[in-house]
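Report on the structure given below.
Everything numeric in this text was worked out from a predicted model, so none of it was measured. Every chain is numbered from 1, with letters handed out A, B, ... down the list of sequences.
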Amino acid sequence: MKAFILDADHQDNRVRLFLRGEKECIIAEASIEPYFYLVREHGLTHSQVEKCAGVTRVEEVEKEELGRKRKYFRVFVKEPALVPQVSEAFENVADHRENDVSFVYRYLIDNNLYAGRMYDFDVVAGRVKAAKPLENATPDLRMLSFDIETYAPRGRMPDAKKDPAIIIGMKNGKTHVMSWKEDKLRNEKEMLQEFVKSVKHYDPDVIVGYNSSNFDIPYLLKRAQANKVKLLLGRDATEPLLRKGMRSGADINGRVHLDAYDGVEFLTIIGALRLPKNDLDSIYFELRGKHKVPIDKSRIGEMWDAGGKQLDLLRRYNEEDTIAAYEIGREILPLYLELSKIIGLPLYSVSRMSASQMVEWMMVREAFLRGEVTPKRPDRHAVSARMANPIKGAFVKLPEEGLHERIAVCDFRSMYPSIIISHNLGPDTLDCSCCSKPFVAPEVGHKFCTNRKALMPHVLEKLIDERLAVKKEMKNHKPGSEAYRSLHFRQWALKIIANASYGYLGFARARWYSREAAESTTALGRKYIHETMDKAEKAGFKVLYGDTDALFLKLENKSVEDSKKFVDKINSELPGRMELEFQGYYPRGLFVTKREGGAAKKKYALIREDGTIEIKGFEFVRRDWANVAKEAQEQVITAVLREGDTKKAVDAAKKFIELVRKRKLGVEDVKIYTQLVRKPSAYEQQAPHVKAAKRLLEAGYDVSAGDVLEYVVIEGEGSISDRSIPVQLLGDKRYDPEYYINNQVLPAVMKILKELGISEEELRGKGKQQDLKNWFE
DNA sequence: GCGAGCAGCGTACCT
DNA sequence: ACAGGTACGCTGCTCGCG
C-alpha cells in the first residue's frame, strides 16, 4: 500500500500506525522491543540489571556519546511503560540514557521510518512487514476547521460545567455554521451529535482550531459529558485525550489536531510573522485587510437570547473565526508537513514542538543512525549554571548617522550554520584525542577535531545540501503551481531548522549544548565580519554599518558592479561553505542619532530603486507605539527617502500634530499595544501596561501572563500609568493630546527630522523658542 | 518639600 | 523553553537646594 504515516500511538507493545493512502486511511500495527541504556559504572553488573523486575534481557554494548566511547547495558523491558520505571529503579546506581524517547518515536527512529514521507507498506494481516521508501508526493490532506461560541450571562466568563455551547462553525471547502436555535437542531445535545456526525462523515485528516487545545476541545468534552453523549472525533471512534503538563494538548486519534494558535506563535518566534497581537481579529485583518464584525464578547449571551439580527451577527462572527482558522491552517499545514518529513516524527507531534525540539529530535535520529547514544537532558542545576554564564555574541558596528546615498548591502548566507559546518564545531569534536593539528577557534582558543565529522555539522550539511537541491528544483516549476508551492514549503522548513541550530548549541536545556562550540561560532562570526569590513575599506568602499552577518557599503565613487566584484573576491578567499552574498542596492538610506547622542544601531531605513522602503527598528515597526506616531514617522521617512523633500516631511509631521491637537483621532489611532509577560502582581514597577492590566482585573476581566494589552493615555492628573486606560474600559474618556504630541508623534518624527537639521521650533512654523505648551492654547 | 537627574525595569526590536 | 546586542520610555529613587 502506497501511504504515509499520518499519526501513530501505541497500546502496550503494539505501535498503531494510521497509514494515509491515496484516499483511505487504514490502521496497521507494528512492534518493537522497548529498551533504554544504563551506563556501566560503579560496579553495576549484568546480572543485577537482568534480575530487575520487568527486564527481559540485557546486552553489553560499547557506543559513542559526545565523541567518546563508553560502555553501556542496553536494557530491554517487557513494555514501554516500564522504561521510565526500570530506569528510575537504577537511579542511584547508574546513569540512564534514552529512557525519555517515547515508544512511537523509538519505533520510527530505529526502523528508519520518517512519518510524513511516502512508503510502499507491505501490510499482512494488519501488521507492517516492510516499508519501501517512495519518491511520491504526499496526497492532499482533508482539512476541517472549526470554532465554537459559548453562552455566558453578562459579566462573567463561560463555565463549561453549566453554560452550553451555542454555535459550532466548520469549514472544509465551504463554511457551515450551526446553532441549536436554528438548523433543525432542538438543543445543544443535538448540535454536539451533529458535529460528531459531520466529522465522521467528512473524515478529515486534519482538524484545525484556534486555541482549541485550551478552549474549544476541553469545552466541548465537558459539554458532551453534561449532555451524556460522547465526543467521538477520533478515527477509531474515541474522544479527544486532553494532555496536561507544561504544554496542554488535545490528541485526536488518527487525525492531526492542529491548533492554529501554536502555528501563529511558532511563526512569530522564528520571525516569519509579526502581528500587534496573536488573536483571530489581528490575523483576519492580516489575511483579508478588514476587521471582523465588532462584537462585545461579554454580550454573547445577550445576543443569543435576543435572537434575530443579533444572532445573525453572532453567527457571522463565528463564521469569520472559522474562516480565519481555516486560512491559517492552509498556510501552516504544508509547513508542518514538510517539517514532519524532515524530522520524521508525526505531524501532530511536530506541530507542538519548539524550534529547538525540532533540532534536537533530528539530532537524536541522526545519532542513532551513526550508532551513537543520545546524551541525557541537563538537570535543573546544570541548566541554571549554563544560564548564569552567557556566551559573547555578535559584533555590531556603530553606523554613521544621517542621510546616505548609494548603498550596497551584503550578507553572509546562513552565517552560523556555515561556520558550524566549515569548522566542524560541536561538543563531540571538542578536544578530541585523535588530532595532532586540531582547528583552533580564534579569540576563545577551543580546539576541534579535523578528522571525524561532528553530529551537528553532519545534520546541517544534510539540511543545507537538501535545501540547495530544492531551490534548484524550484526553477523547473512555475511559481504558483502546486509543485512549486510544496517545494517552497520544503525549502522553508529546511531553513527554519538550519537557522535554529546555532541557538540550540547555546540553549541551556539542550542535550547537545556546547558552550565551547557556541562561543567559537560567534567568535568566528566576528572574525569574518571584521575581516570583510577591513577588506571593503581597503577596496575603496566606506563601511557604513554592519550587524552580525550583514554589511552596508557606501559606494562613494564606485559602481554597483564594483561591489558585486568585491563580493566575488571575498568568496574566493573564504573557506568551506562560507559565502558572502550581494543582497541589494539602495540609492538612499537613513541612520539616526540616539536620544543621548551618538548614532543608533539596529535602526535604519533604506529605499530601493523601485521606490519601496525598508524600515528596521524604528518606532514604525514597534507595536508599543500608537498608530498616529507610526504613521507620522512613516510619512516623514517616505518624504525624505523617496523625494528628498524636507518641506514635505515637515508638513506631514505638522499635519499629524494638528490631528492630535484637534482631537480628530479615534481609538485605533491612539491605542498602544504592550505585552504583559508576567501576571500583574509580579511587577515591581507600576508601568503603564501594568496599571492597565490591574484596571482590567478590577473590572472583572481575565488577565494573564502573555496577554497583549491595548490601552489609551487619557487626559487628567497624575503619571502616565495613572492615566493608562484599557480600551475595554475607555467609555467616553478622552485621549490626552499633550501626551500624544509630546511623547508619541514628536519623538517619532523628530528622530528623523533632526538628521535634516530641523529643530522642534521649526516644526512649529516659527523660528523662535517657544514652550511646547503653546500647542494647547 | 520639591524638582532635576539618573539607574534600573521592562519591552520589543535586529541579526 | 533559541542566542546575544541594542534602544528607549517610564517609574521611582537620590540628591541638592532651601
Using 30° and 60° as the class limits, which term best fits the ring planes of [X] and [Y]: parallel, tilted or perpendicular?
{"X": "A:His530", "Y": "A:Phe395", "result": "tilted"}
{"X": "A:Tyr528", "Y": "A:Phe412", "result": "tilted"}
{"X": "A:Tyr735", "Y": "A:Tyr740", "result": "perpendicular"}
{"X": "A:Phe552", "Y": "A:Phe591", "result": "perpendicular"}
{"X": "A:His446", "Y": "A:Phe448", "result": "perpendicular"}

Length of the [atom1]-[atom2] vector between [X] and [N], whole Å:
{"X": "A:Leu275", "N": "B:dA12", "atom1": "CG", "atom2": "P", "answer": "13 Å"}
{"X": "A:Tyr545", "N": "C:dT6", "atom1": "OH", "atom2": "P", "answer": "9 Å"}
{"X": "A:Ile270", "N": "B:dC14", "atom1": "CD1", "atom2": "P", "answer": "15 Å"}
{"X": "A:Glu596", "N": "C:dA7", "atom1": "CD", "atom2": "C1'", "answer": "8 Å"}
{"X": "A:Lys594", "N": "C:dG9", "atom1": "NZ", "atom2": "P", "answer": "13 Å"}
{"X": "A:Glu619", "N": "C:dA7", "atom1": "CD", "atom2": "C1'", "answer": "9 Å"}
{"X": "A:Leu273", "N": "B:dA12", "atom1": "CG", "atom2": "C1'", "answer": "15 Å"}
{"X": "A:Arg622", "N": "C:dC8", "atom1": "CZ", "atom2": "P", "answer": "9 Å"}

Does a side-chain N or O of [X] approach OP1 or OP2 of [N] to a distance below 4.0 Å, or not?
{"X": "A:Arg678", "N": "B:dG10", "result": "yes"}
{"X": "A:Gln675", "N": "B:dA12", "result": "yes"}
{"X": "A:Ser356", "N": "C:dA1", "result": "no"}
{"X": "A:Arg274", "N": "B:dC14", "result": "yes"}
{"X": "A:His689", "N": "B:dG10", "result": "no"}
{"X": "A:Lys602", "N": "C:dA7", "result": "no"}

Over 12 non-hydrogen atoms of neighbours within 6.0 angstrom of NZ in A:Lys495: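 Count not over threshold, so no.
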
By the 4.0 Å heavy-atom rule, please label [X] as base, sugar-phosphate, or nothing.
{"X": "A:Arg377", "answer": "nothing"}
{"X": "A:Val359", "answer": "nothing"}
{"X": "A:Tyr513", "answer": "nothing"}
{"X": "A:Tyr683", "answer": "sugar-phosphate"}

Can you identify which nucleotide, out of C:dA3, B:dT11, C:dA7, has its nearest atom closest to the A:Thr674 side chain? B:dT11

Using 4.0 Å as the upper bound for N to carboxylate O, is an ion pair formed by A:Arg511 and A:Glu360?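 Yes, charged N to carboxylate O under 4.0 Å.
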
Please determine if A:Glu466 and A:Lys462 form a salt bridge, counting it only when a charged side-chain N lies under 4.0 Å from a carboxylate O. no

Tell me which residues in residues 392-403 of chain A lie within less than 4.0 Å of DNA chain C, going by non-hydrogen atoms.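 Under 4.0 Å from DNA chain C: A:Lys392, A:Gly393, A:Ala394, A:Val396.
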
Does some side-chain heavy atom of A:Thr593 sit less than 4.5 Å from a side-chain heavy atom of A:Glu755? yes

Can you confirm whether A:Gln685 sits close enough to A:Val690 that some side-chain heavy atom of one is under 4.5 Å from a side-chain heavy atom of the other?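 Side chain of A:Gln685 against side chain of A:Val690, heavy atoms only: no contact under 4.5 Å found.
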
Using a cut-off of under 3.5 Å, enumerate the N/O to N/O pairs linking the protein to nucleotides 10-12 of chain C.
unit_1 : atom_1 : unit_2   : atom_2 : d
C:dC10 : OP1    : A:Tyr739 : OH     : 2.7
C:dC10 : OP2    : A:Asn743 : ND2    : 3.0
C:dT11 : OP1    : A:Ser721 : N      : 2.7
C:dT11 : OP1    : A:Ser721 : OG     : 2.5
C:dT11 : O4'    : A:Gln685 : OE1    : 3.1
C:dG12 : OP1    : A:Gln686 : N      : 3.4

